[in-house]
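The next block holds one structure in the form of structure tokens; read it before the comments.
Position 1 is the first residue of the sequence; numbering continues from there.
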Amino acid sequence: MLTAARPAAARRPRRSRTLLAAAALVAALGAGAGIGTAPAAQAAASPVMNYDGATVNNARIPAAAVAIETVTPVAFDRAVYFVGSTQVGTVGSAAVDADGSYRGTGTVDLTGRTGSVTLVAKLYKGKYMVQSVFKVLRLVPPTPVGIPAGWPNAATTGVPAGKVLQRTGDVVVTTPGTVLDGLDMGCLTVRAANVVVRNSKVTCADARLQAVALQDAKGFVMEDSEIDGANGTAEVAIGWSGYTLRRVEVRGTQDGPRLGSDVTIEDSWVHGLVRDPDVHTDALQSTSGERIMVRHNTLDPRTPGADDFLNAAVQLGTETGAKKLRNAVFERNYFNGGTYSVNVSCTANVDKSVVFRDNRFGHGGKYGAVIAPAGVKLSGNTWSDSATAVPVAKAC
């Protein structure tokens, strides 16, 4: 579990160009006076827009018909909302508060829009437009979106339905080539090469670093199995090097699998992780390594219904070991959740052999889909619902 200070890219999200442009536009407009504006109508303070009782700044607003409230010290009796040149809503009247501010609420139709959009409220008093209010809204799908069809889920990962398991306690393997099949284990420790685990479950309720601890255990393979960290009791699901996961469900640990060298994870599902207040929580994380293949997985650290984005679906840095990351490929995965779903540290020692290609993203990242330095190779990565390209925030 990485306990070092979080990279700046993870702590301080970069503002998008759209947001910066909108801020500059607001500053240039001042009170919002423009052509046709009544000369006496000047705002004494900055106007605000609210959604669901709170400011729209950094809020996750459904891409649906929603109620937006505009509050300003400038008197107005009607308002018209626009996105670009398209009218998306109106306010019929404004009420006056005891402090002298004016507020009006109107329904704004944001259906079918995605990402960040600039909402403009044009406020009128009689025949004059007295103020224009610009706010950048961050839109998310209107209802929680499950795992898209075709990506690993409860039906395609973990112990196959109908498989009867034999209950054991903690297991320690010391014989090379051992095959464990059909076991319901506690914590698992492997101290031998080429061990295989199939159709089994690991539930590690011991406060230890790894639920599946690999010690001189090259060639470890786990298939059609489950790793459960017992609500965060175990810190890391499995790590660091020399292992393969296929159709494995990981849940309940503070961190999912750690990626060192010679690691393959495919057709697996990492989800429902548990935050520790001293660290950040990632579905997958690497702090150094090479020869990593992550193919066709569902990676979302969040617990459904919990109001916690956690840190990332994939967090990459080079803080340990050889302090470099090479030949790491992430392809055809479904990423969701996190502050950014994919977060590559600005200071990471990476090159073009670190590749993200043909992945799909949900809209559950707090600040966006990807933040990465220029050294990372990205291609064919799109939103899962619209198939449009995901934006990339450059970390450096």
R208 and T189: side-chain donor and acceptor closer than 3.5 Å? yes
### Message
Can a side-chain donor-acceptor contact be found between D99 and S101 if the only test is distance below 3.5 angstrom?
### Response
yes
- Are R251 and D228 within salt-bridge range, i.e. N to O under 4.0 Å? yes
Worksheet item: Which class fits the ring pair W151 and Y334: parallel under 30°, tilted 30 to 60°, perpendicular over 60°?
Response: tilted
Review point. Should the pair F356 and F330 be assigned to parallel (<30°), tilted (30 to 60°) or perpendicular (>60°) ring geometry?
Key: parallel
Side-chain donor/acceptor of D300 to backbone N/O of R302, under 3.5 Å: yes
The side-chain hydrogen bond (donor to acceptor under 3.5 Å, both in side chains) partner of R247 among N297, D224, D267 is D224
(request) Please step through salt bridge (charged side-chain N to carboxylate O under 4.0 Å, His left out) for the pair D308 and R275, ending with a clear verdict. (result) CA-CA 9 Å; D308 192 343; R275 177 181 289 280; 2.8 Å; yes
Inspect the contact between R198 and D181 and indicate whether a charged nitrogen and a carboxylate oxygen are less than 4.0 angstrom apart.
-> no
Lys NZ or Arg CZ of R78 over Y124 ring: under 6.0 Å, within 45°
yes
- Message: For Y340, does the six-membered ring have the charged nitrogen or CZ of K366 within the cation-pi criterion, i.e. under 6.0 angstrom from the centroid and within 45° of the normal?
- Response: no
| said: Under 4.0 Å between a side-chain nitrogen and a carboxylate oxygen: does that hold for D216 and R191? | reply: no
So, are E266 and R295 salt-bridged, with charged N and O less than 4.0 Å apart?
-> yes
Check: Among side-chain atoms of T382 and R360, is any donor-acceptor pair under 3.5 angstrom?
Finding: yes
